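Any value given below was found using the heavy atoms of this structure, including those in side chains, with hydrogens, waters and symmetry copies removed. Treat the numbers as computed from the prediction; the structure is a model and nothing was measured.
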Amino acid sequence: MEIRYASSNKDAKFYDTQRLREEYLIENLFIDNEATLIYSHFDRIIVGGIKPIDSEIFLSASKKLGVNYFLERRELGIINIGSPGIVVIDGEEYVLNNKDGLYVGMGKEKISFKSLNSDSPAKFYLNSAPAHKTYPTIKIGLDMANKVKCGDLSNSNKRIINQYIHPAVCKSCQLVMGMTILDEGCVWNTMPTHTHDRRMEVYLYFDMSADSRVFHMMGEPNETRHIVMNNEQAVISPSWSIHSGVGTKAYTFIWGMVGENQTFDDMDHVPMDVLK
């Protein structure tokens, strides 16, 4: 498990391109037959990717968590962005097809992941947050997600926000998670942009072709920066930072938030003339 420490807004404005990428970009999430986990000290979220090929991969605790098993004091959100796979929770199997999600409540001890076909593996994307209470484990398909239509073609940002782990769909302690799918020909997300000092956020960009890129916008509104991102890469957004993106083609992204509240529209909107 890699540890990423929190960084100050006062320091981040002096980072060069390489330092920005080291602090906030997560480049290699899906490695064959491995569980890749990044522990961020921004609200202590854990971001992970698991790509089983021909073996079952178990999610285990470590000294860095100080617990006996991974979800002893945590909750977990999973969305499969690959081919069909199986998540086993304390002996109960959940088949996740592409874009299926799963919320796993605190206290589940044995968690493992496997693909249905080694020639076409699953890719399980994970967000985990500290929890104080146990809520039921629930599978959430794309059809079950709460859907919010946003944007329009004239602004190149027509998209559907699919809320998976959200008060409108299921209960959780603090984790909120979902997927935004842009219409063909649309490239902008979350612009006009915002911040929310009550919670941090992580984006995973995917469904991108090899020659496509997303320019992810971050930083304080008057000290913006950008990170160029490839397919299936994630980026950590501190609570003081904007989080927006523009792609060379349409794309999909998963967003996960951890912090003080779960009110999705609790945002501090940034007027366009403030951005610098």
Side-chain angles (χ1 to χ4, degrees), residues 12 15 17-18 20-21 23-30 47 49 79-82 98-99 101 123 125 127 142 145-164 166 176-196 199-257 264-265 267-276:
Y15 294 168
T17 298
Q18 184 58 35
L20 282 171
R21 294 173 72 87
E23 293 286 337
Y24 306 114
L25 179 64
I26 303 172
E27 295 190 78
N28 300 305
L29 268 171
F30 300 101
V47 181
I79 297 179
N80 180 17
I81 67 167
N98 182 261
K99 294 185 173 64
K123 295 178 182 177
Y125 177 63
N127 283 177
L142 183 59
N146 187 53
K147 300 183 184 305
V148 180
K149 296 181 179 180
C150 290
D152 54 63
L153 289 174
S154 65
N155 286 304
S156 301
N157 66 351
K158 187 177 181 183
R159 61 200 189 276
I160 297 178
I161 300 172
N162 298 279
Q163 297 168 336
Y164 282 65
H166 181 276
V176 180
M177 194 174 180
M179 179 190 301
T180 298
I181 302 174
L182 275 70
D183 275 25
E184 191 68 29
C186 290
V187 293
W188 276 101
N189 78 74
T190 327
M191 183 63 75
T193 192
H194 61 263
T195 60
H196 31 65
R199 57 185 185 266
M200 62 82 67
E201 192 159 4
V202 177
Y203 279 7
L204 170 75
Y205 290 102
F206 69 107
D207 279 353
M208 296 165 55
S209 60
D211 62 345
S212 181
R213 297 293 184 270
V214 169
F215 288 71
H216 179 80
M217 311 299 173
M218 64 164 297
E220 292 185 285
N222 62 345
E223 286 281 355
T224 61
R225 302 290 187 269
H226 74 269
I227 297 176
V228 179
M229 300 185 59
N230 298 354
N231 187 42
E232 296 180 358
Q233 293 182 342
V235 61
I236 298 168
S237 178
S239 60
W240 46 261
S241 176
I242 66 167
H243 35 285
S244 180
V246 59
T248 56
K249 298 177 183 177
Y251 52 89
T252 301
F253 69 99
I254 294 172
W255 43 267
M257 294 183 284
F264 185 83
D265 58 2
M267 306 171 186
D268 299 317
H269 296 280
V270 178
M272 294 295 279
D273 60 2
V274 172
L275 291 174
K276 295 181 181 178

TODO: Evaluate the criterion side-chain contact (heavy atoms from CB on, under 4.5 Å) for residue pair M191 and V246; output intermediate values, then yes/no.
DONE: CA-CA 9 Å; M191 183 63 75; V246 59; over 6 Å; no

Open item on the list: Checking I254 against I81 for the side-chain contact (heavy atoms from CB on, under 4.5 Å) test, could you report, in this order, the C-alpha distance in whole Å, the side-chain angles of both residues, the deciding distance, and whether it holds?
Closed with: CA-CA 10 Å; I254 294 172; I81 67 167; 3.7 Å; yes

Task: Derivation and outcome, side-chain contact (heavy atoms from CB on, under 4.5 Å), residues S239 and T195 - done: CA-CA 7 Å; S239 60; T195 60; over 6 Å; no

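Remark: H194 engages H243 in a side chain to side chain donor-acceptor pair (under 3.5 Å) (not counting sequence neighbours). Residues forming a ring pair (Phe, Tyr, Trp, His ring centres under 6.0 Å) with Y205 (at least two apart in sequence, or on another chain): Y203, H216, Y251, F253. Under the rule for a side chain to side chain contact (heavy atoms under 4.5 Å, CB included), the partners of Q18 that lie at least two apart in sequence or sit in another chain are D16, E22. Residues meeting the salt bridge (Lys or Arg N to Asp or Glu O under 4.0 Å) test with R199, sequence neighbours left out: none. Residues passing the side chain to side chain contact (heavy atoms under 4.5 Å, CB included) test with T252, sequence neighbours excluded: M179, I181, F206, D207. Partners of E232 by side chain to side chain donor-acceptor pair (under 3.5 Å), not counting sequence neighbours, listed by chain and number: K123. Qualifying ring pair (Phe, Tyr, Trp, His ring centres under 6.0 Å) partners for F215, counting only residues two or more places apart in sequence or in other chains: H226. With sequence neighbours left out, the side chain to side chain donor-acceptor pair (under 3.5 Å) criterion links W240 to no other residue. Residues that satisfy the side chain to side chain contact (heavy atoms under 4.5 Å, CB included) test with D265, not counting sequence neighbours, are T263. For N146, the side chain to side chain donor-acceptor pair (under 3.5 Å) criterion is met by Q163, not counting sequence neighbours.
Although no hydrogens or angles enter the test, the distance criterion places no donor-acceptor pair under 3.5 Å between the side chain of D268 and the main chain of H196. Between the N98 side chain and the G82 main chain, a donor and an acceptor come within less than 3.5 Å of each other. Remark: the backbone N or O of R213 is paired with a side-chain donor or acceptor of T248 at under 3.5 angstrom. Side chain of E223 to main chain of E220: no donor-acceptor pair is present (N/O by atom type, distance under 3.5 Å, no hydrogens or angles). S244 places a side-chain N or O within donor-acceptor distance of the main-chain N or O of T190, the cut-off being under 3.5 Å.
Summarising the geometry of A12 relative to L20, their closest heavy-atom pair is O-CD2, 4.4 Å, with the distance given to 0.1 Å. When all heavy atoms of G151 and N157 are compared, the closest pair comes out as CA-OD1, 3.3 Å. Between N162 and A145, the closest heavy-atom pair is CB-CB, 3.8 Å. Contact record, I161 with C150: CD1-SG, 3.5 Å, taken as the closest heavy-atom pair. The two residues G245 and V214 make their nearest non-hydrogen contact at CA-CG1, 4.4 Å. Here the closest heavy-atom approach between residue S241 and residue G219 is recorded as OG-N, 2.8 Å.
If you take CE on M257 and CE on M200, they are separated by 11.0 Å, rounding to the nearest 0.5 Å. Here the CH2-CG distance, from W188 to N155, works out to 11.0 Å after rounding to the nearest 0.5 Å. To the nearest 0.5 Å, atom CG of residue L29 and atom CG of residue L204 are 6.5 Å apart. Taking CD of E23 as the start and CD1 of I236 as the end, the distance is 9.0 Å to the nearest 0.5 Å. Between the CD1 atom in I242 and the CZ atom in R225 there is a gap of 10.5 Å [rounded to 0.5 Å]. With values rounded to the nearest 0.5 angstrom, S156 atom OG is found 12.5 Å from N189 atom CG.
Side-chain contact between L142 and K147: present, with at least one pair of heavy atoms (C-beta onward) separated by less than 4.5 Å. At a threshold of 4.5 Å between non-hydrogen side-chain atoms, the residues V270 and P192 do not count as touching.
Applying the salt bridge (Lys or Arg N to Asp or Glu O under 4.0 Å) test to pairs two or more places apart or on separate chains, those with a residue in residues 233-252 are D211-K249. Screening residues 150-160 for salt bridge (Lys or Arg N to Asp or Glu O under 4.0 Å), with sequence neighbours left out, gives K158-D183.
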